[in-house]
Amino acid sequence: MKFLKLAKLGHRNLIHHKKQTIFTIIVVGSLFSVLVAVQLVMQGLENFYIKQNLAVFNGSTYIAAQACRRSELLSVSSTHQCVKDDGKFDEQCFKNHNQKPAPCSTNQQQVNALFTNRTKPYGGEVIGNVEIRNYQSAKLYIYPQEIFTNNITADLSNKPQDALATIVTIHQAASLLEIRMDRIENRQAKLKIIDEIKSKAIGKIFTYNDQKIFIAGILPYGAPHISVARHERDMRPLDWFLHEISVHDNITNNSGLILINDKSPAINKVLTNSTLYAYQALIKFDSPDRACDYFRYELDYVAPSLFGTNRSQTPQYMVNELSTNSVKTQLSFEFKRFTSSFAIYVLLVTAVIIIVFTFLRLVTQDSRLIALYRSLGATASDVWFIYLWYVFELCLLTVAYALIIGILLALSVSKHYSIDFNIGASLFYIKHITEFVPFIGFSLEIVKIIGAILLAAPITSILTLDQLSMRNIARRLKRQ
């Protein structure tokens, strides 16, 4: 009962000191609302990326893992032995070098057994293999057909028996059609030409390196990254969050196309006329978070930290995310959240300073009231709790204000960039994205911000505890 009475007296201070309360809420809340908006936007963008990436493989994330340690591959990748004494390059030596198998990863059962054990703690499942073949001084990556069901949009029954089934990038398709996408600067025009390329390329036969290929589908990325800039030379503030989220061409080995093992005579001929270089295990994860955890494990990833260790990374096996960029997205936004977390500490100190000065002014004005409380039998701890409750309610209102303004700011940013973001995302994923994308997502960082604001209450009360002593009160009353 006493607790409720003291809390009620603390609540009355909010009303009694209305102007100071509103001023403090607006100043402190506005500072934190900017940080809230930044965190909402970052999480909203990350959620958008993850959602789009999951749609590529029916909600799954795939990682291709090769049972070769990086040091092993580096030791055999050098071709210095093919340089003659006169400095000229020995082409036959180079050709023989490229026909050699990898120093590891050549036993399919061993590769699958290795990664079955390594991915088990992370919920991964080895569902097949990528065959890397030495073929005419090049390396071909041959993928099982089953995992690309979402990307294969052509009817494979229409494919001639002597043509290889392929999935290509939009840029490779444009090259086969002799369309110069790089000369098109207008983003709307690029979207139209992408639709034209897809309609003209999918299901058609082309000749690539003297070999017939049948384009069964288009890979989902048509730009290095999403951008809201209307011209390639420009950069807008939101691009700071977007530019590092890119897709590297690991899946196509920089050729712009991948081969599908559809068991046809054409692919069997390639397998017969080539030599095995290595197998990669295809690992399926039902959660992008688990895939990211496994990726960190293999890379010996060291999370960003202010007091982090200086030890060097010792990556284990070669791993790459297949086609999508969920892992890169999570790691990139993790670093951005780490850098922005310093703002939380800066704003916490700023909030404490502002609230302390507000509190000192309030206590000075309430010196007679505090003396009255003490004369009526209130203890020093009772008075301290009354003003602690006032500061706590002040912080709660600041939290509510910061969240409301932060959400409104995030929605304003979403609305402001809506048209340009949709165009950039459509170019990136080579599909029309027309719905409004709100850059709002809640994360642990929002909880940290709320905690930082609420933490200002006990810090302020502890720092100003001596101001509630009768000695200081008597001194202030004497001055008045």
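Along the sequence shown, residues are numbered consecutively beginning with 1.
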task = State, yes or no, whether a side-chain contact exists between Leu219 and Ile170 at a heavy-atom distance under 4.5 Å.
result = no
request  = Would you please classify the geometry between the Phe342 ring and the Tyr345 ring as parallel, tilted or perpendicular, with 30° and 60° separating the classes?
outcome  = perpendicular
query = Is Lys159 close enough and on-axis enough to Phe214, meaning under 6.0 Å and within 45°, for cation-pi?
reply = no
ask   = If you round to the nearest 0.5 Å, how far is CG of Asn112 from CD1 of Ile283?
value = 9.0 Å
key: Heavy-atom closest contact (Ala165 atom, Leu156 atom, distance)   = CB-CD2, 4.2 Å
Separation between OG of Ser326 and CD of Gln330, rounded to the nearest 0.5 Å = 7.0 Å
message = Does any part of the side chain of Thr169, heavy atoms only, come nearer than 4.5 Å to the side chain of Tyr221, both counted from C-beta?
response = no
message = When you measure from the side chain of Ser33 to the backbone of Ser30, do you find a donor-acceptor pair of N or O atoms at a distance under 3.5 Å?
response = yes
Side-chain heavy atoms of Leu177 within contact of Phe206, under 4.5 Å = yes
key: Glu46: which of Lys51, Arg337, Lys336 passes side chain to side chain donor-acceptor pair (under 3.5 Å)   = Arg337
task = Look only at the side chain of Ser426 and the backbone of Ile433, and say whether a donor-acceptor pair between them is shorter than 3.5 Å.
result = yes
key: Closest approach of Ser264 to Ala163 (non-hydrogen atoms, all atoms of both residues)   = OG-O, 4.3 Å
Asn129 side chain to Gln280 backbone, donor-acceptor under 3.5 Å = yes
inquiry  = Parallel, tilted or perpendicular, judged at 30° and 60°: which one describes the rings of Phe439 and Phe421?
reply    = perpendicular
message = A quick test of your reading: do over 12 heavy atoms of other residues, nucleotides or ligands sit less than 6.0 Å from NZ of Lys204?
response = yes
key: Flag, side chain of Thr106 to backbone of Ala278, donor-acceptor distance under 3.5 Å   = no
Euclidean distance, Ile407 CD1 relative to Ile440 CD1, rounded to 0.5 Å = 6.0 Å
query = Hey, are Lys120 and Thr116 close enough side-chain-wise for a donor-acceptor pair under 3.5 Å?
reply = no
query = Given side chains that start at C-beta, do those of Ile355 and Thr398 come closer than 4.5 Å, heavy atoms only?
reply = no
query = Is any side-chain heavy atom of Phe48 closer than 4.5 Å to a side-chain heavy atom of Ile226?
reply = yes
No-hydrogen, no-angle side-chain donor-acceptor test under 3.5 Å, Lys431 and Gln52 = yes
Thr329 side chain to Asn325 backbone, donor-acceptor under 3.5 Å = yes
query = Okay, side chain of Glu445, backbone of Leu40: is any donor-acceptor separation there less than 3.5 Å?
reply = no
query = Between Asn47 and Gln43, do the side chains contain an N or O donor and an N or O acceptor separated by less than 3.5 Å?
reply = yes
Residues Glu321 and Thr324: side-chain donor-acceptor under 3.5 angstrom = yes
query = Where the side chain of Arg187 meets the backbone of Leu427, is there a donor-acceptor pair that is under 3.5 Å apart?
reply = no
note = Between the CG atom in Leu140 and the CD atom in Gln211, the distance rounded to the nearest 0.5 Å is 9.5 Å
ask   = When you measure from the side chain of Lys212 to the backbone N and O of Pro160, does any donor-acceptor pair fall under 3.5 Å?
value = no
key: Sidechain-backbone polar pair: Ser414 side chain, Ala410 backbone, donor-acceptor under 3.5 Å   = yes
request  = Could you tell me the separation between the CG atom of Leu176 and the OH atom of Tyr208, rounded to the nearest 0.5 Å?
outcome  = 8.0 Å
query = Is the closest side-chain donor-acceptor distance between Asp239 and His225 under 3.5 Å?
reply = no
ask   = Any side-chain heavy-atom pair from Ser60 and Leu54 closer than 4.5 angstrom?
value = no
query = Atom CD1 in Ile404, atom CG in Leu408: separation rounded to 0.5 Å?
reply = 7.5 Å
task = Return yes when atom CD1 of Ile205 has more than 12 non-hydrogen atoms of other residues, nucleotides or ligands closer than 6.0 Å, and no otherwise.
result = yes
inquiry  = Does the plane of the ring in Tyr49 sit parallel, tilted or perpendicular to the ring in Phe428? Use 30° and 60° as the thresholds.
reply    = perpendicular
inquiry  = Can you confirm whether Asn53 sits close enough to Thr61 that some side-chain heavy atom of one is under 4.5 Å from a side-chain heavy atom of the other?
reply    = no
task = Work out which heavy atom in Cys395 is nearest to a heavy atom in Ala456; give both atom names and the distance.
result = SG-CB, 4.2 Å
inquiry  = For Tyr62 and Phe285, I'd like to know if the aromatic rings sit close, meaning centre-to-centre distance below 6.0 Å.
reply    = no
query = Checking Arg290 side chain against Pro121 main chain: does a donor-acceptor pair fall under 3.5 Å?
reply = yes
ask   = With a 4.5 Å heavy-atom cut-off, do Asn150 and Val56 have their side chains touching?
value = no
